[in-house]
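Below, chains carry the letters A, B, ... as their sequence lines are ordered, and counting in each starts from 1.
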Protein chains: 2
Amino acid sequence: MQIPRSESGEACVNKKKQQTEQTKKKIADAARGLFAQKGYKATAIEDIVKAVGCSAGNIYYHFKNKEGLFLHLLEEWNTEWDRNWLVKEKLYLTITDKLYGMVEYLAHDQLNHPLTRAADEFFNNAEKAPDVEERINVMVKGYIDFNRQLLQKGIDSHEFEITNVSGHAIILDSLLLGLSQHCRRMERDEALAAYRLAMDVFLQGIAKPKH
Amino acid sequence: MQIPRSESGEACVNKKKQQTEQTKKKIADAARGLFAQKGYKATAIEDIVKAVGCSAGNIYYHFKNKEGLFLHLLEEWNTEWDRNWLVKEKLYLTITDKLYGMVEYLAHDQLNHPLTRAADEFFNNAEKAPDVEERINVMVKGYIDFNRQLLQKGIDSHEFEITNVSGHAIILDSLLLGLSQHCRRMERDEALAAYRLAMDVFLQGIAKPKH
DNA sequence: TATAATACTGAATGAATGTTCAGTGATATA
DNA sequence: TATATCACTGAACATTCATTCAGTATTATA
């Protein structure tokens, strides 16, 4: 790894870096669209090649392989989601509201961003290299941790009264994961209603017992 | 379709019918094991051929194609499940207990019967012929109807007090669907605990508000 | 300017595998 | 016994597709 000298060399070194970044982005953008539209397996490298207008070799120059390209897209999507959520989160005061806001955003994001379908196809595919398995595990842990933190905050603020936080974090993720699969068979409004109802049930399910 | 004359011809006609049934069963059994072990896509017809000891053509003589064979296994599994549940159900008096019993049985069945994994792979695969899509839709509707009926009974017996029965039926199925996917990353005991906790949350989530 | 490093090409590779079909032997029917 | 139906064979077919790599073009370095 070389660091360009900031005075003279910068523009020159950047020309390559910029080119790489630009190409990577072009590939990623085309791939994202195709994966979302056709699914993971049904999208051939050849399709991406045509869409980008570059060679197949170039894709393998910038990404390890098809799996690596797809994982890159998923990780990009996750960081983007986190970034946006950090802004939205501030709009809600209670954790209960945050959870409602979260599923609302999640539902909108998934409904507008059909990479979910390809992701489910990818995650549920049985044949996976160990390094891929590992990157998926990290992602799943991330989702559950996200839930855990939210739930913990709700406990701290005395909105819920659960003890098994990790367990409930998985329950919540399961609910949302299953729902995202069912929502494929629904209209938009129906799907949004289902997400809200799911959160109703979950929140009542972890609510403090009324005395 | 010819009906064998019961007196003289029976044994003769049955010889073919029996052979067909026997072969179909042999293929189904071998395929079930392989799909469960290796997943849907990773199981080649060739593998099944080797396991059964018959020709590839024979499989296509008895089943329309690979998808048809797999769907046959799923439908077989479902009817078996229903048949067993009908017996078990009687052990539980309240609907609440029935629901706990149901997830318990579901969890055991899925943990012992790893066809679930292949099923998820199959269901989540993007490329499906229209007739396959249809058979899957029928199955999914069946799962939701099953939940709906249980919930309706719980309403009739005044155990719950929900109005949107169909919606809750989907929520319950989502929860169980998502959970079955998470449980792949768990130990057996952990998975069983997760199923129970899920039902705790769901039941409290639809419980009558205490006055 | 010469050399090195980088970005990119695209045809060739190579393996996997679902499905078919002409043909064979066994079984039922007349 | 002759004919028709059925259960079965298995090699060949047809297609798909991720991945590689020897070589070219562009850009940076000394």
Side-chain angles (χ1 to χ4, degrees), chain A residues 1-27 31 34-35 38-50 52-71 122 125-129 132, chain B residues 1-27 31 34-35 38-50 52-71 122 125-129 132:
Chain A
M1 184 75 79
Q2 264 186 338
I3 295 161
R5 271 157 290 159
S6 48
E7 292 87 357
S8 60
E10 194 173 60
C12 291
V13 173
N14 274 1
K15 199 158 187 176
K16 279 195 176 176
K17 271 197 176 174
Q18 274 175 21
Q19 183 67 351
T20 282
E21 274 170 33
Q22 188 184 317
T23 307
K24 257 185 131 162
K25 188 170 169 356
K26 265 169 81 177
I27 294 171
L34 286 164
F35 281 134
K38 309 177 61 171
Y40 176 73
K41 206 201 112 196
T43 299
I45 297 294
E46 181 68 21
D47 297 331
I48 304 172
V49 161
K50 274 182 197 150
V52 177
C54 74
S55 68
N58 201 15
I59 290 176
Y60 284 84
Y61 181 76
H62 290 289
F63 298 95
K64 190 187 169 197
N65 50 26
K66 194 182 173 185
E67 285 174 327
L69 170 55
F70 191 74
L71 282 167
F122 186 78
N125 185 26
E127 305 166 292
K128 285 191 285 276
V132 175
Chain B
M1 185 73 81
Q2 263 186 341
I3 296 161
R5 268 156 291 159
S6 48
E7 292 85 359
S8 60
E10 195 174 59
C12 291
V13 174
N14 276 359
K15 200 160 187 176
K16 279 193 177 177
K17 270 198 177 174
Q18 273 175 21
Q19 182 68 351
T20 282
E21 273 170 32
Q22 189 184 316
T23 309
K24 256 185 131 162
K25 188 170 169 359
K26 266 170 81 177
I27 294 171
L34 285 164
F35 283 134
K38 308 178 60 170
Y40 176 73
K41 205 202 113 195
T43 299
I45 297 293
E46 182 67 22
D47 296 332
I48 303 172
V49 161
K50 275 181 197 151
V52 177
C54 75
S55 68
N58 201 14
I59 290 175
Y60 284 85
Y61 181 75
H62 290 289
F63 298 95
K64 190 187 169 196
N65 50 25
K66 194 182 173 186
E67 284 175 328
L69 170 54
F70 191 73
L71 282 167
F122 187 78
N125 184 27
E127 306 166 290
K128 285 191 285 275
V132 175

* **First encountered from the 5' end of DNA chain D, between B:Thr20 and A:Ala42** => B:Thr20
* To do: Starting from P on D:dT26, measure out to NZ on A:Lys17 and report it in whole angstrom.
  => 23 Å
* With a 4.5 Å heavy-atom cut-off, do A:Glu46 and A:Lys50 have their side chains touching? -> yes
* D:dC17 C1' sits how many Å from B:Glu127 CD, rounded? -> 12 Å
* Asked: Is any side-chain N or O of B:Ser55 closer than 4.0 Å to OP1 or OP2 of D:dC8?
  -> no
* Rounded to whole angstroms, how far apart are NZ on B:Lys25 and C1' on D:dA7? -> 19 Å
* Does B:Thr23 make a side-chain N or O approach to OP1 or OP2 of D:dC8 shorter than 4.0 Å? -> yes
* To do: Taking only the side-chain nitrogens and oxygens of B:Tyr60, find out if one of them lies under 4.0 Å from OP1 or OP2 of C:dT20.
  => no
* To do: Report the distance from atom CD of B:Glu46 to atom P of D:dA11, rounded to the nearest whole Å.
  => 10 Å
* Rounded to whole angstrom units, what separation is found between the CG atom of A:Asn58 and the C1' atom of D:dT24? -> 13 Å
* Asked: Within a strict 4.5 Å, meaning less than it, do heavy atoms of the B:Val132 and B:Phe122 side chains meet?
  -> yes
* Rounded distance in Å - NZ (A:Lys26) to C1' (C:dC8) -> 12 Å
* Answer whether the closest heavy-atom distance between the side chains of A:Tyr61 and A:Lys24 falls below 4.5 Å. => no
* Asked: Would one find a side-chain N or O of B:Tyr61 under 4.0 angstrom from OP1 or OP2 of D:dC8?
  -> no
* For A:Lys50 and C:dT9, what is the distance between atoms NZ and C1' respectively, to the nearest whole Å? -> 17 Å
* To do: Return no unless some side-chain N or O of A:Gln22 is found under 4.0 Å from OP1 or OP2 of C:dA7.
  => no
* 5' priority, DNA chain D, between B:Gln19 and A:Ala56 [closest heavy atom] -> B:Gln19
* Base D:dT26 paired with A:Lys15 side chain (donor-acceptor, <3.5 Å) -> no
* Look at the side chain of A:Lys16 and decide which nucleotide, out of D:dT27, C:dT19, C:dC8, has an atom nearest to it. => D:dT27
* **B:Asn125 and B:Glu127, any side-chain heavy atoms less than 4.5 Å apart** => yes
* Structure fact -> All heavy atoms of B:Lys66 vs all of B:Thr43, minimum pair found to be NZ-O, 2.8 Å
* Asked: Are OP1 or OP2 of C:dG18 and a side-chain N or O of B:Lys66 less than 4.0 angstrom apart?
  -> yes
* How many Å lie between CD1 on B:Ile45 and P on D:dG10, as a whole number? -> 16 Å
